[in-house]
Amino acid sequence: MAYKFFEVEQKWQKFWAENKTFKSQINPDKPKFYSLDMFPYPSGAGLHVGHPLGYIASDIFSRYKRIQGHEVLHPMGYDSFGLPAEQYAIQTGQHPDVTTKENIARYREQLDRIGFSFDWDREIRTSDASYYGFTQRIFIKLFNSWYDFDICKALPIESLINIFEVSGSNSVDAAHTEDVSFTADEWKNMSDEEQYKMLLNFRMAYLSESVVNWCPELGTVLANDEVKNGVSERGGFPVEQKKMKQWSLRITAYAERLLSGLDSIDWPESIKEIQRNWIGRSEGATVNFKINGHSEEIEVFTTRPDTIFGVSFMVLAPEHELVKEITNKQHLAEVESYIEKTSKRSERDRMADVKHISGAFTGAYAIHPFTGQDIPIWIGDYVLAHYGTGAIMAVPSGDQRDWSFANHFGLPIPNIIEGADLSQGAIEDKNAILSHSEFLNGLKASKAIGLAIHELEKLGAGTRKINFKLRDAGFSRQRYWGEPIPVYFKGDVPYVLDQKELPLMLPEVDKYLPTKDGEPPLARAKNWETKEGFPLETNTMPGWAGSSWYYLRYMDPTNTHALFSKAAVNYWGQVDLYLGGAEHATGHLLYVRFWTKFLHDMGLIPFDEPAKKLINQGMIQGVSKFVYRLTWTSGGLFGSDVLKDDEGLLPTNGLPPVFLSHSLRSDNPNLELKKSKIEKIRSKYNSIQKKKYPGLKGDLNLLFTDFGVPTHVDVSFVDGDVLDTEAFKNWREEYKTAEFISENDQYICGSEVEKMSKSKYNVVNPDELIERYGADALRLHEMFLGPIEMHKPWNTKGIDGVSRFLRRFWALFHDEQDNWIVTNGKPSDAEVKVIQKTIQVIQDDMDRYSFNTIVSHLMICVNELTTLKCTNKDVLSDLVVLASCHAPHISEELWKKLGNKESISFTKFPVFKPELLLESSHSYPVSFNGKMRFKIDLPVDMKAIEVEKIILEHEQSQKWLEGKKPKKIIYVNKKIINVVL
RNA sequence: GCCCGGGUGGUGGAAUUGGUAGACACGUUGGACUUAAAAUCCAAUGGACUUUGGUCCGUGCGGGUUCAAGUCCCGCCCCGGGUACCA
C-alpha cells in the first residue's frame, strides 16, 4: 500500500490550525528567532509555483530553528494597497477593498495547502485602518522631526526651535531644502506663521514644488525606482518630467548612514552594491567661480579639483537658475532657443540620444580662481540640473565628455598631463602626473586633490564636499487605494492632524478617477475636511509606505495604543532571516532601512537595521511551449504567393488550422517528410475548397518553406515536448478541427524559458501539483531545483523523483500491506553511522542555507537505510526529525505513529555524536605526482612510517616508482596520500 | 562604457573554503515483473582509445603558481543582473 499523502496532509494541516501549533509568544527562557518573508501583494491571478519558493525556504528554516530550541516568529500578511486593485476598480466600479479581500482569501487558501508554519494570529494587512492608522502616525513623526548632521540623528522639531531661539540657523547643520540663514533675533522677530513656514524647510517630511516623474497614463507621479528606462515599471507607460507640489521624505539626510550600515549586515553583495550605486557617494570639492561683471558666483561640484588648471570653459545645465541672468544680449536668442529645445525633450529621448553633443554659449565669462583667466560659460544638456550643483568646470584634458564638447565646439583643450597625447580623447587615469598646474606640478591625483582643496579653501573659493546621487523620496501619489496623508491645509500651509484623530479613514468616492480639474480621486469625497472645515490632503501615500515598517508591527499586531510595545521590540529585535526578491533592492529594501533608522533615532527601537541576514530567492521561470501554425491556415482571405487561385485570392475561412511539428520547421533533414505531409494537406484542402466553391479554377500552391507562426500553447497540454492534441483541440473553438503535421506520430512543441505569466500560458499552478503529488512533494521539489538564490526554469518532470523518495521514506516504516514494521532495540553500527553522517551534513547544510543539498542527503540516507533493511526505532526517529523541516506532513504522521504525543515541532534536533562515526579502517587514495592511482584499505591508527612502507611495497607502486626513491610523501588530513617523485 | 554575479555530462545541479570532479535527481538505454500498460525494482549512462587489465583527455579559452587547481593569480571570450552624460 502506498503512502496516502492527501489524507495525511489534510489531517495535519487541520491539526496545526486547530491547535495553533505555531503560535509564538515572548518567551524569556528561549532565544528568539525572527524569520520573515516579504509579504505579497495579493494579485488577482493567485499564486504560481514561483511565489512559494521563498516561503518554503523560510518555513524550512523556521522549523529548523524551532526544533533547535528557539522561539520562532514566523508571520505572514499582505501588502494590500496598490495599483492593480485600483485599476480594476476603475474598470469595473468594484471597490478595491472588495477585490483585495477576495484575492487575499484565495491567497490564504493556496498558502494553507502548502503546510506553512505561519503564526496566522499575527496576520496584518496594510490596507486595514487598524494598520494604516499607525503608518500615518509615523508620517506625523517624520513631519515633526528634523535631521542634525552634527550628531547624525533625527530629532524632534522642538529641539530645532530651541536652537533657533538661542543662536539662529548658522550654529546648526540641519538637513534642509532651501538654503536659509538667520540670527536668533531675526527668528524671534518672525511671526508665528513665518516661523512655522520656516520650519517646513527642515522637516523630515516636507512639501515642495519639485520636478517629478509624471505618468499621464497612470495619472500619478512615480518614484525614481518605479521608473525603468524612461517608462513606468508597471504598465510600461511613458513618463514625463513635470513640476508639482508634493510631499517628500528627507531620505538624503540618511545617505551616509544608509551606506555605512551596509557593512554591518549579512546581505547579498549584489544588493549591497546596487544600494551603494543608488546612494552614489562621491568625494570631491565645490569650487566657486566669480563671473565677470556679475555679483553672483557659480558653484560647481568636482571629484577632480586637482585638474583645476585644465579648466578651459564651464557648462551649466539649461535649467540652471543663473543662465538667464548672465546671458548677454548677442547670445540671448540662441540660448533661449536651446533651452526651449531641450525642455521639450523627454527624459527618455535624452537618454536615447547620449552621443549627440549640443550646447550654446552664453557670452559670459567666469574667472579662474588661481590664474584669473577668463573662462567662457556655456550651457549644455549633458550637464544635469539635479545632480551636484547643476554646473561643472570643464576639464577637456581629463574628462572624456568635456573633451568631446570642446572638440565639437572648437574650444581649447589645454594639456595639464605630463607627456599626454590629447588628440584622440581625454586622459582620465588618476595615476597620470600633472603639469602646467603651478603648485600641483609633478603630482598624482591622490596627492594633488587634497592640496588643491587646501589652496581653494585658503582663497575662500572652494571647500571639501561629499555629494550623493540619492534624491529625496517622493511621497505623494494621486491615487485612491493608498493611505491618506494625515494633513490639512490652512491656505497653502500644511498642518498635520493630531495623533488622536488617527486613523484618518480612506473616504468613499463615486469614482476612482481624478476629478475634472485633475485633482486626485480623494477630492471627490464628500466632506473631505477637518471638523473645523479645513481641507484635507487629497494625495495618498506610495505603495512602499506600509511595507517600510510592517516587520515591526508583526511583533505586536493588535496593539491599539502604540506601533508596538517596548517589550515586543526588545524581545524580537531585528529580523534574523529575511527572504524575498532582489527586485526590491532600490525600493522597499532601501526604504525599510530608512524608516528603521528613523524609528531608531526616535528611540522607539533599539536597532537601526531591519534585517541581519537577507536571502534573495531566485525567480522560477516558466517554460513556454509553442505550436507552429502554417501561415496560410490562419483564416481570412489570402492573396499571397502561398495560396492562390486564378484570380489570386482564395477564401480560407472555415478550413482547419494546420500545425507543424517543431523539428519539421527546418528544411533539413526533414524536408522530404514535410513535403509529403503538406502535399497531403494540400490535396485535401483543394478538394474541400472545390466542393465549397465550384467555380474555383486551379490548385492551391503551397510553399514548403513555411515555418509556421509560433503560438503560445498552454503548458498543461504538453508532456515533455509532446502535445496532447486532444486537449489542445478542446482548448478553443477555432482549434476544434485542427490538424497536425507530426513526426513519429507525435506533435513536438518548441519551448523557450520566459517569465511566468498568464498571457504566455506557461504558469504552473501549485494547487494542481499538490493535488497530484502532495504538498511535501511540492516543497521538496521546489527546494531540489537548485540553490535558493538562483533563477531557474520550472521543470515539473523532476517532481517524480521526490515523489518516489516520499514513498521509499514511508516504506522504511511499513511493509507492502502497510503494516508498521518499526522495531525497538539497539541499532547496528552501520545504521548508526548512516544516521550520524546524515545528522552532521544536514545540520551543516541548514546553517549555510543550502536547502537543495539537504534533499539529496535525505534521499541518500533513506536509500542506505533501505539497503540495510533498517527498522530500528531510534534511527528512524532521528530520520523523521531530520526530514520534518522539508516534508512536515509525512514526518508529523510518522512521528505520531512512532508513539509521540506532541507535534514534531516541539521535539529537539538530533544531537550529532562524532565519536559514533569513528572508523577502524580507512580507504586511502594514493596519488603519484597528484594523479590518483589506486586505493588501499588500512587501519586508521597505523603509524605513518608503516603506512609509507606498505604503500611503497604495494605492487601498483612499483610501476610509478621505477626503482627510484620518492622525494616526498604528503598526507592530507591523514586521509589522502600523495607520493612526489 | 562602468560596477557586480556566473560559465561543470543530454538536463537540474553536487564538490564542507587548494586534496578521489560529476554526489543526488531527471532523462535516455537495456533487463525483470505484467496478457498489456502504468507503477515498481535491477543494471548502464562525461568523452576517446582498449589486449576488458586498464590508459589518456576532460569543469568557457590561453597562460601561470603548486606535489596537487573547477577552486588561487594574469590575459581573453561568452551569459545574466545593476547602472548610465552622476562631473
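Throughout, protein chains are lettered first and strands after them, A, B, ... in sequence-line order, and every chain is numbered starting at 1.
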What is the nucleic acid contact for [X], judged by heavy atoms within less than 4.0 Å: base, sugar-phosphate only, or nothing?
X        : value
A/Lys272 : nothing
A/Pro268 : nothing
A/Leu785 : sugar-phosphate
A/Met790 : sugar-phosphate
A/Asn929 : sugar-phosphate
A/Arg933 : sugar-phosphate

Quick one: is [N] close enough that its OP1 or OP2 comes under 4.0 Å of any side-chain N or O from [X]?
X        : N     : value
A/Asn852 : B/A14 : yes
A/Arg804 : B/C26 : yes
A/Asn863 : B/A25 : yes
A/Arg807 : B/U40 : yes

Query raised in the report: Taking the inter-plane angle between the rings of A/Phe289 and A/His368 on a 0 to 90° scale, is it parallel (under 30°), tilted (30 to 60°) or perpendicular (over 60°)?
Result: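 Correct class here is perpendicular.
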Query raised in the report: Going by the angle between their ring planes, with limits at 30° and 60°, are A/Tyr382 and A/Phe405 parallel, tilted or perpendicular?
Result: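 Ring orientation, 0 to 90° scale: tilted.
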Query raised in the report: Is a salt bridge present between A/Lys837 and A/Glu864, judged by a nitrogen-to-oxygen distance below 4.0 Å?
Result: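 A/Glu864 and A/Lys837: salt-bridged.
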Requested in this report: For B/G9, decide between syn and anti, treating a glycosidic angle within 90° of 0 as syn.
Outcome: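 Here the answer is syn: the torsion falls within 90° of 0.
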Requested in this report: Could you say whether A/Ile274 or A/Gly801 is positioned toward the 5' end of RNA chain B, judged by the nucleotide with the nearest heavy atom to each?
Outcome: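 It is A/Gly801, whose closest nucleotide lies nearer the 5' terminus.
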What is the distance, rounded to the nearest whole Å, between atom [atom1] of [X] and atom [atom2] of [N]?
X        : N     : atom1 : atom2 : value
A/Ile976 : B/U20 : CD1   : P     : 5 Å
A/Lys469 : B/C85 : NZ    : C1'   : 11 Å
A/Lys968 : B/U66 : NZ    : C1'   : 9 Å
A/Met932 : B/G22 : CE    : P     : 9 Å
A/Trp278 : B/A84 : CH2   : C1'   : 12 Å
A/Lys931 : B/G19 : NZ    : C1'   : 13 Å
A/Met859 : B/A14 : CE    : P     : 14 Å
A/Lys935 : B/U20 : NZ    : P     : 10 Å

If we call it a pair only when both distances are under 3.5 Å in a Watson-Crick or G-U wobble match, what pairs with [N]?
N     : answer
B/A84 : none
B/G12 : B/C24
B/C41 : B/G31
B/C76 : B/G60
B/U66 : none

Query raised in the report: Do A/Tyr849 and A/Phe61 have their ring centres less than 6.0 Å from each other?
Result: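 Yes, the ring centres sit under 6.0 Å apart.
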Query raised in the report: Is the ring centre of A/Trp794 less than 6.0 Å from the ring centre of A/His781?
Result: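 Ring centres of A/His781 and A/Trp794 closer than 6.0 Å.
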Query - Check: A/His814 side chain, A/Asn819 main-chain N or O, donor-acceptor pair, under 3.5 Å - result: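 Judged by distance alone, no pair lies under 3.5 Å.
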